[in-house]
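Data first, discussion second: the structure below is written as structure tokens.
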Amino acid sequence: MPVHATAAVLDRFAAPFAHVPVTLRDPAPDEVVVRAEAAPFCSTDWMGWRAMRGKVPPVVLGHTLVGTVEIAGTHTGLAPGDRVLVAGTPQCETCFYCRIGRPDQCAQLLEGGDPVIGHLSDGREVRAAGGVGAYSTHALVRADQVHRVPGSLPLEAAALMGCGISTAYGVVENIAEVEAGQSVAVVGLGHLGQLTVQAAAAAGAATVVGIDLHPERLELATAMGATHLVDAGHVDPVETVRQLTEGRGADVVVEAAGPVHAARQAVDMARRAGTVVLTGVDHSRYAEVTLPQLALTVHGKRVVGCQNGQITPRTDIPRWFERLARGRIDTAGIVTRTYRLDELDLAARRSLALDDVTGLVLA
Ligand SMILES: [Zn+2]
Ligand SMILES: [Zn+2]
């Protein structure tokens with residue numbers, strides 16, 4: 001029997017979602033059907049909505065979700081009733097990038113387009129963004145994107161693992177490799193910036209500077225472990241970070257804001273031979289960042305890009321889930337509103353207007 005889902009389908013870019021039935025195709029032996037429970041809305045999703053990621057409509061957006069396995073293919077090692085996270089980054093183990101230890105760049109995610117998961121009532125094929133398609137009552141996904149969720153974890157916290165938690169903890173532990181006593185500056189305090197502040201504090205950073213324009217976001221960063229706050233609307237953030245670091249600049253700077261001038265500021269506020277991790281996305285796919293040449297050459301600054309915290313899903317997600325279960329990763333204050341699936345347009349608008357730290361869509 002085919003599964004009949006109800007999904008928020010993107011039929012035209014930057015237009016309202018259509019809430020329509022989707023008939024899912026039968027799962028292959030390495031696929032599962034997951035009954036969706038919760039999915040965050042973040043910049044990954046509005047990039048898809050605004051045609052920045054080469055999606056082909058009609059498509060179901062939503063890059064990660066938590067839910068319950070309803071149908072399990074024979075080669076998946078999963079069973080109906082399993083509580084799972086569907087992660088946005090797969091780990092196929094066979095592509096070039098998985099074989100060199102960089103599954104964050106897995107070909108399954110970044111080459112070849114999104115898979116067809118079923119069809120609409122008019123017969124047109126529907127694709128799932130990133131092989132996930134979270135904004136639906138049911139998702140048809142490959143098992144190499146599926147991870148068991150420890151039973152004790154609340155839904156809201158678990159749903160952030162495939163989004164802000166994995167990216168933030170990955171930035172700090174996998175990319176910047178923050179060490180005890182270091183100084184870390186975080187530009188932009190959305191959910192990714194907030195969790196990056198927390199991860200840096202957890203790694204033992206002595207100085208953690210949170211930089212933003214919004215008072216309530218600066219306040220939340222204090223709870224996350226920031227030792228210093230910079231209101232970039234009132235003081236020069238580059239100069240202030242230098243003052244806080246004996247004039248040198250920070251050991252590690254994480255850009256989690258988006259606008260290209262934030263990337264430039266991030267490079268400027270790093271010390272010589274410091275590390276700058278760029279995670280933000282501007283509102284145009286054609287945005288370009290201009291950097292001072294001497295900062296990269298003579299001053300030896302290391303500027304690194306980031307897809308989902310350079311994650312290795314099979315090992316990183318279980319270890320971060322364990323920390324989440326023990327309360328050593330804290331998501332209090334990160335989810336600011338929940339939405340029904342038929343309120344997805346509202347969640348998107350509020351995300352773009354920075355009204356939510358994170359909106360969580362409940363299917
Ligand atoms: Zn791969
Ligand atoms: Zn996300």
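Order of listing sets the numbers, starting from 1, for every ligand and every atom in it.
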Checklist line | Heavy-atom closest contact (Lys301 atom, Asp268 atom, distance) | finding: NZ-O, 3.9 Å
Item checked: Asp251 side chain to Ser183 side chain, donor-acceptor N/O pair below 3.5 angstrom -> yes
Note to self: So which atom in Met224 and which in Ala201 form the shortest heavy-atom distance, rounded to 0.1 Å?
What the structure shows: O-CB, 4.3 Å
Check: Between the Zn ion (ligand 2) and His191, is there an N, O or S atom separated by less than 2.8 Å?
Finding: no
Check: Among all residues two or more places apart in sequence or in another chain, which pass the salt bridge (charged side-chain N to carboxylate O under 4.0 Å, His left out) test with Glu288?
Finding: none
Checklist line | Atom of Val33, atom of Pro27 and distance for their closest heavy-atom approach | finding: CG2-CG, 4.0 Å
Next item on the list: Provide the protein N, O or S atoms situated under 2.8 Å from the Zn ion (ligand 1); waters are not included.
Entry: Cys92 SG, Cys95 SG, Cys98 SG, Cys106 SG
Item checked: Parallel, tilted or perpendicular: rings of Tyr135 and Phe17 (30°, 60°) -> perpendicular
